[in-house]
Amino acid sequence: MFIKKHLVLIFMLSFAHAAFADDGYRLWLRYDKIQDKNTAALYTKQLQQLLFPGSSATIEKVKAELTEAFTGLLGKPPVGTKQVTANGTLIIGTPATAKIIATLQPTELNQINDEGFVILTAILQGKTCTVISAKTDIGILYGTFHFLRLLQTQQNISTLHIVSSPKIKFRLLNHWDNLNRTVERGYAGISIWDWHKLPDYIDKRYIDYARANASIGINGTVLTNVNANATILSPQYLVKVAALANVFRPYGIKVFLTARFSAPIEIGGLKTADPLDAAVQAWWKQKVKEIYTLIPDFGGFLIKANSEGQPGPQDYHRTHADGANMFADALATYNGIVLWRAFVYSSQSGDRFKQAYEEFTPLDGQFKSNVILQVKNGPIDFQPREPFSPLFGAMPKTPLAMEFQLTQEYLGQGTHLVFEAPLFKEVFNADTYQKGKGSTVAKIIDGSTNNFSLTAIAGVSNIGNDINWCSHPFAQANWYALGRLAWDYDLSSKQIAEEWLQQTFSNNAFFVSAAYNIMLHSHEALVNYMTPLGLAHIMYNGHHYGPMPWGNTLGRPDWNPVYYHKADSAGIGFNRTATGSNALAEYKTEVSDLWSDSNTCADKYLLWFHHVSWNHTMRSGKTLWNELCYKYYTGVDSVIAIQQQWNTLEKFVDAERFNQVQQLLNIQVKEAVWWRNASLLYFQTFSKMPIPSKYEQPDKTLEYYKSLRFPFAPGN
Ligand code: GCV
């Protein structure tokens, strides 16, 4: 009897553990049963029945999502009704599909755009109801996902008055996925697009990808790498693209492709790709027609041209505007758009920082109205911290899209916990002063400063076929943050982190506050242990994994770390003032005035703009060298604090993800120490100053760090 009882107990315990395990596949759409009995009882009362007329492919998806969510959260699917017969009726529909909503005539519907939604508590036919309404089915989809977010985060739903529209029109993921399924700068496995099995095999992942994106408002996806392969435009591949587009359409997601500029030569048999050549223009027009025949709602092209070896209009002595406008003409008939990238730099110029500005500002006003220039957040390349790209303040006649990088090429790649929302917000909130104070980057991007309706935000995807999509359990939060901020850049990092944590891990208030604390400090910690005080681009060549500030062997100066930090016996940093490259002149005076004096420039940008002596007195009163040491050591200490904090959270998290994060944090601490030691030992060869004795001294030599090699580092 005793043994039998024990066996039952062991069985129950192991069952409980297994039920609790979570591989992260469900992302933030877990819909686990609400454990708090009072909340569950209240919701059950408030959601007695569901009145949901109308039908369309999108509405069917909404119904399926509601069924899954209610079954998970409340233990049973919603009870359908045709009449409001009880308090606690959830009514979903557009005024066109739901008569009862037409009767209500909510004025709030006049305040939203075509993708927006309203969620209201209303008395209808004497009963207390919750109404989710919109002008379109896609608005209904977004409203429903918002409502499910309220349930998952256990908000009070008794008196709701939510009116919401996206601030940005195109909210995009950019996949740097190759047709052979490798992912450039991908750290989460191989590409989720299984081109070989498409179009006949539809992986369930495609549907879950669409659900996840729709739930955070992402409405477009560029399927292919900007380092493009023309094969994607061949008939054989376009039917595969069409199959994906069919999956995504009900979720409001449009498909975009990258267009290789030289495709007319490579797959079209032409001798040239000159954008002013009539045959080339005709070829693209025909290609675009072919695409729209298969995919009537195709979004358009994203193009990287004359950048890092990609072909482009300059090969024919034409401008970026000539190139972009050729595509724009071909796409205009179908309302397609061109996202033309501004990421360019050549070996010719003295300062890579200045080049995009130099190439693009003379073209301001020359692009067709369906072209948007896609600009990386900073002037160089997704470094841990960059000042905002000067282009944002300098192209008033051209719509500008923001490009952020979710995949953490320079932010610890697959192993570091870094929440990027604070980085995104720092850029959005920066003031360009283009039209006086308040012309923030966000107000440039949302079109309000210069009256553009074509607006876009893109995130370079961090998604792969790893079971949890993004490899690091916390990397999912960056995908989530991109969508939420593209919808509304005024959301705080705190709100985004908290709602993501609640949905992804647990609603426990102690856990959420502690884990939020971890996320909040993670970006600054990384900046400090990698590139404090405005250092940038000091990682290994090629794979970009790990520190290599000594790098000086590549043919082009601007590919070498020494070009970026310019450390010498006199000091460190890149002089971009009037006595140096004068890149500061690319900003409005109000901005450059903030940064042009090394005594008043914010510490975080100091070495971006100044070459300062090792003895320079910092705001803290420390010498530059001692401040550099302090920052590097603080960075490592912060990660150790994050690690310790995570270790206190074991009881709130399933064993599987708790262990994953714990192991990854162990790697992160080791790598933070590596970054700190290697960088300081190297810079010390110039400063000739000691690392203050109060700090634990590096236990390895500079030669040791220089000897490290990582030929198979991922993502290259
Ligand atoms: C897709 C950086 C990356 C490249 C990337 C490029 C770009 O240079 O290292 O992998 O290429 O940016 O954004 O085009």
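All ligand and atom numbering here is 1-based and tracks the order in the structure. By convention here, the first residue in the shown sequence is residue 1.
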Please identify which atoms of ligand 1 are closer than 4.0 Å to at least one heavy atom of [X].
{"X": "Phe343", "value": "6 (C), 7 (C), 8 (O), 12 (O), 13 (O), 14 (O)"}
{"X": "Lys304", "value": "1 (C), 6 (C), 7 (C), 11 (O), 14 (O)"}
{"X": "Val226", "value": "1 (C), 14 (O)"}
{"X": "His544", "value": "9 (O)"}
{"X": "Tyr410", "value": "9 (O)"}

If every non-hydrogen atom of Gly350 is compared with every non-hydrogen atom of Phe574, which pair is closest and at what distance?
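So the minimum-distance heavy-atom pair works out to O-CZ, 4.2 Å.
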
Looking only at heavy atoms, what is the nearest atom pair of Phe261 and Ala273, with distance?
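Looking at all heavy atoms of both residues, the shortest contact is CE2-O, 3.2 Å.
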
[atom]: which protein heavy atom is closest, and how many Å away?
{"atom": "atom 3 (C) of ligand 1", "result": "Glu409 OE2, 3.2 Å"}
{"atom": "atom 12 (O) of ligand 1", "result": "Lys376 NZ, 3.0 Å"}
{"atom": "atom 4 (C) of ligand 1", "result": "Glu184 OE2, 3.4 Å"}
{"atom": "atom 6 (C) of ligand 1", "result": "Glu308 OE1, 3.2 Å"}

Just heavy atoms, cut-off under 4.0 Å: does Trp559 contact ligand 1 by side chain, backbone, both, or neither?
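No part of Trp559 comes within reach of ligand 1.
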
So which bit of Phe382 gets within less than 4.0 Å of ligand 1, heavy atoms only: side chain, backbone, both or neither?
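Neither part.
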
Phe710/Trp674 under ring-ring contact (aromatic ring centres under 6.0 Å, His included): CA gap, chis, key distance, verdict
CA-CA 14 Å; Phe710 306 92; Trp674 169 32; 5.4 Å; yes

If we check side chain to side chain contact (heavy atoms under 4.5 Å, CB included) with Gln408, which of these qualifies: Val418, Leu526, Leu417?
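Testing Gln408 for a side chain to side chain contact (heavy atoms under 4.5 Å, CB included) against Val418, Leu526, Leu417 leaves exactly one candidate, Val418.
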
